[in-house]
J.: 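Submitted below is the structure of interest, expressed as structure tokens.
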Amino acid sequence: MSKIPVLVTGGAGYIGSHALLALRDRGWPVAVIDDLSTGTREIVPEGVPFYEGGIADADLLRRIFAEQKIQAIMHFAGSIVVPESIEKPLDYYRNNTIATHSLISAAVACGVKHILFSSTAAVYGAPEHVPVDEQEPTQPINPYGASKLMTERMLADCAAAYPFNYGALRYFNVSGADPDGRSGQIGKGSTHLIKVAVEAATGKRDHVDVFGSDYDTPDGTCVRDYIHVSDLADAHVLALERLIAEPQENLLLNCGYGRGLSVLEVLDALDREVNQEIRREMKPRRAGDPPELIASNRRLVETLEWSPRFNGIDTIIRHALQWERKLAEGRAIPPSRA
Ligand code: UFG
């Protein structure tokens, strides 16, 4: 398989930086665009061409496409926090939908052949069936999910009209960190459960809030399908290979392990790992949270022959914790190269 140059948008962010590592580890030529609104410049490995700016900047994109001879895009840049999307919907439609319109326009104008898009399980809303497969109706219950679903639709329409194919990967709950400690979640104002929990375990906060204990779930707390970020990154490389091998085909794939864990089960797993009880405080439900989200990953496994390497909450927590300790000790982020 010929390895074509790939632009990673949001490559200085959490998931984008892991996809970048997965591509580089396998010898793909890569470049990064990131506006550093939430990303960290220093997390991008030395030697990777880095462009600071937004994906709505058409001139910058054209320059990158030409300079780097970009033929494929992995698109991670965007806003990702469900509760924030309820407070600031316009930001989410601008950052996730409108900005992606600009990116697709520039890609089409410059003849980019493949686009992989980071979509989300939030497009399903509160699904009637779990595990959820890709045929489940899409009925987002928050602006975050809606903003991503609009982009999926835009990609489908554009791929039918212009000469590129695309993959939309619907992520369930992405967590963990690079097993070799090269990247992880940096967390300027973390909100994601496992990140918050490992911050509590390393003393950055004194407890974890549990948002809602009266859901119709086995222990009353929300159930999610936590997927290790490096397994997800591997799925991206496989998906890109598939898009190249099958240029007439598009991909729509759930990315999860097909196993649900409650908030309390996640916290219990952390307690076991650190051998102490992390303090938890029961709080009211958080707006926009569906009770249960679990992926059917049959299509992902069958289409891409994806086989996860880090499947299991204990591994996820161990790697998240390892990264959090590194951050706390100031060893995670290399000194500025600016
Ligand atoms: N939670 C807590 N306490 C916290 C943080 C979270 O109880 O301090 C709970 C939430 O209420 C929820 C669960 O833990 O029930 C998971 O919440 P996260 O904030 O970690 O993740 P979300 O499920 O809200 O969202 C994430 C991604 C989305 C994706 C979604 C799919 O951010 O992109 O998973 O399940 F769509």
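Nothing here was measured: the structure is a model prediction, and the numbers come from that model. Both ligands and their constituent atoms are indexed starting at 1 by order of listing.
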J.: Determine whether the aromatic ring centres of residues F164 and H114 are separated by less than 6.0 angstrom.
T.: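 Ring centres of F164 and H114 not closer than 6.0 Å.
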
J.: Can you tell which part of V81 has a heavy atom less than 4.0 Å from ligand 1: side chain, backbone, both or neither?
T.: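 For V81, there is no contact with ligand 1 at all, from either part.
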
J.: For V210, counting its heavy atoms only, list the atoms of ligand 1 lying under 4.0 Å from any of them.
T.: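 Numbered from 1, ligand 1 contributes 7 (O).
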
J.: Heavy atom under 4.0 Å from ligand 1: found in T191's side chain, backbone, both, or neither?
T.: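 It is the backbone that touches ligand 1; the side chain stays farther off.
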
J.: Would you mind running through ligand 1 and noting each atom that sits below 4.0 Å from a heavy atom of V196?
T.: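 The atoms of ligand 1 under 4.0 Å from a heavy atom of V196 are 8 (O).
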
J.: Give me the residue, atom name and distance of the protein heavy atom closest to atom 23 (O) of ligand 1.
T.: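 Closest protein heavy atom to atom 23 (O) of ligand 1: R224 NE, 2.8 Å.
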
J.: Determine whether the side chain, the backbone, both or neither of R286 has a heavy atom under 4.0 Å from any heavy atom of ligand 1.
T.: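 Within the 4.0 Å criterion, R286 contacts ligand 1 through side-chain atoms alone.
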
J.: Pair Q185, S190 - check side-chain hydrogen bond (donor to acceptor under 3.5 Å, both in side chains), show working.
T.: CA-CA 9 Å; Q185 233 170 324; S190 316; 6.0 Å; no

J.: Give yes if a backbone or side-chain nitrogen or oxygen of F211 is under 3.5 Å from a nitrogen or oxygen of ligand 1, and no if not.
T.: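 Between F211 and ligand 1 (N or O atoms, distance only) the closest approach is under 3.5 Å.
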
J.: Taking only heavy atoms of L293 into account, list the atoms of ligand 1 that are under 4.0 Å away from them.
T.: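 Per the distance check, 31 (C), 35 (O).
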
J.: For ligand 1, note which part of K283 has a heavy atom under 4.0 Å away: side chain, backbone, both or neither.
T.: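 Neither; nothing of K283 gets under 4.0 Å from ligand 1.
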
J.: Considering both backbone and side-chain atoms of L193, is one of its nitrogen or oxygen atoms within less than 3.5 Å of a nitrogen or oxygen in ligand 1?
T.: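 Indeed, backbone or side chain, L193 has an N or O that close.
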
J.: Identify, by atom number and element, the atoms of ligand 1 in contact range of C222, meaning under 4.0 Å from any of its heavy atoms.
T.: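 Near C222, the atoms of ligand 1 are 15 (O).
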
J.: Using a 4.0 Å heavy-atom cut-off, which part of D209 comes near ligand 1: side chain, backbone, both, or neither?
T.: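 Near ligand 1, D209 shows its backbone, while the atoms from C-beta on stay back.
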
J.: List ligand 1 atoms under 4.0 Å from D289, heavy atoms only on the residue side.
T.: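 Contacts of ligand 1 toward D289, numbered from 1: 10 (C), 11 (O), 12 (C), 15 (O), 24 (O).
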
J.: Where is the nearest protein heavy atom to atom 9 (C) of ligand 1: which residue, which atom, and how far?
T.: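 Looking at atom 9 (C) of ligand 1, the protein heavy atom closest to it is V263 CG2, 3.8 Å.
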
J.: May I ask you to decide whether D25 forms a salt bridge with R182, counting only side-chain N to carboxylate O separations under 4.0 Å?
T.: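 Salt bridge: yes.
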
J.: Side-chain contact, heavy-atom cut-off 4.5 Å: V130 with L293?
T.: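 Not in contact.
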
J.: Report, as yes or no, whether the 6.0 Å neighbourhood of atom CZ on R26 holds more than 12 heavy atoms from other residues, nucleotides or ligands.
T.: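 Check passes, neighbour count above 12.
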
J.: Write out the residue and atom name of the closest protein heavy atom to atom 33 (O) of ligand 1, then the distance separating them to 0.1 Å.
T.: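 Ranking protein heavy atoms by distance from atom 33 (O) of ligand 1, first comes Y144 OH, 2.8 Å.
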
J.: Please check if any side-chain donor atom of E152 sits under 3.5 Å from a side-chain acceptor atom of S119, or the reverse.
T.: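 Short answer, yes.
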
J.: Tell me, which protein residue and heavy-atom name are nearest atom 36 (F) of ligand 1, and how many Å apart are they?
T.: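 The closest one turns out to be T120 OG1, 2.2 Å.
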
J.: Side chain, backbone, both or neither: which part of Y124 comes within less than 4.0 Å of ligand 1 when only heavy atoms are counted?
T.: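 Under 4.0 Å from ligand 1, Y124 contributes no heavy atoms.
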
J.: Taking the basic N atoms (NZ, or NE/NH1/NH2) and the acidic carboxylate oxygens, is any pair closer than 4.0 Å for R279 and E277?
T.: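 Salt bridge between R279 and E277, a charged N being under 4.0 Å from a carboxylate O: no.
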
J.: Report whether L169 and I244 are members of the same hydrophobic cluster (ILVMFWY, side-chain heavy atoms less than 4.5 Å apart, transitive linking).
T.: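 In one cluster with L169: I244, yes.
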
J.: Any nitrogen or oxygen of N173, side chain or backbone, less than 3.5 Å from one on ligand 1?
T.: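 Looking only at distances, the answer is yes, because the N/O contact criterion of under 3.5 Å is met.
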
J.: With nothing but distance in play, are any N or O atoms of Y171 less than 3.5 Å from an N or O of ligand 1?
T.: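 In fact, backbone or side chain, Y171 has no N or O that close.
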
J.: Counting each atom of ligand 1 from 1 as listed, which ones have a heavy atom of I80 under 4.0 Å away?
T.: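 Numbered from 1, ligand 1 contributes 32 (O).
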
J.: Is any side-chain N of the basic residue among D268 and R280 closer than 4.0 Å to the acidic one's carboxylate O?
T.: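 The answer is yes: the pair qualifies as a salt bridge.
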
J.: Sequence neighbours left out, what passes side-chain contact (heavy atoms from CB on, under 4.5 Å) with E128? Give chain and number order.
T.: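 E128 satisfies side-chain contact (heavy atoms from CB on, under 4.5 Å) with E136 only.
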
J.: With sequence neighbours excluded, give me every ring-ring contact (aromatic ring centres under 6.0 Å, His included) pair touching residues 40-83.
T.: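 Every pair satisfying ring-ring contact (aromatic ring centres under 6.0 Å, His included) with a residue in residues 40-83: H75-F117, F76-H236.
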
J.: To the nearest 0.1 Å, how far is atom 32 (O) of ligand 1 from its closest protein heavy atom, and which atom is that?
T.: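 Ranking protein heavy atoms by distance from atom 32 (O) of ligand 1, first comes H192 NE2, 2.6 Å.
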
J.: Here's a test for you: under side chain to side chain contact (heavy atoms under 4.5 Å, CB included), which of R170, K148, M74 qualifies with S118?
T.: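 It is K148, the one option of R170, K148, M74 that forms the side chain to side chain contact (heavy atoms under 4.5 Å, CB included) with S118.
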
J.: Is it the case that over 12 heavy atoms from other parts of the model lie below 6.0 angstrom from the NZ atom of K88?
T.: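 No, because the 6.0 Å sphere around NZ of K88 holds 12 heavy atoms or fewer from other groups.
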
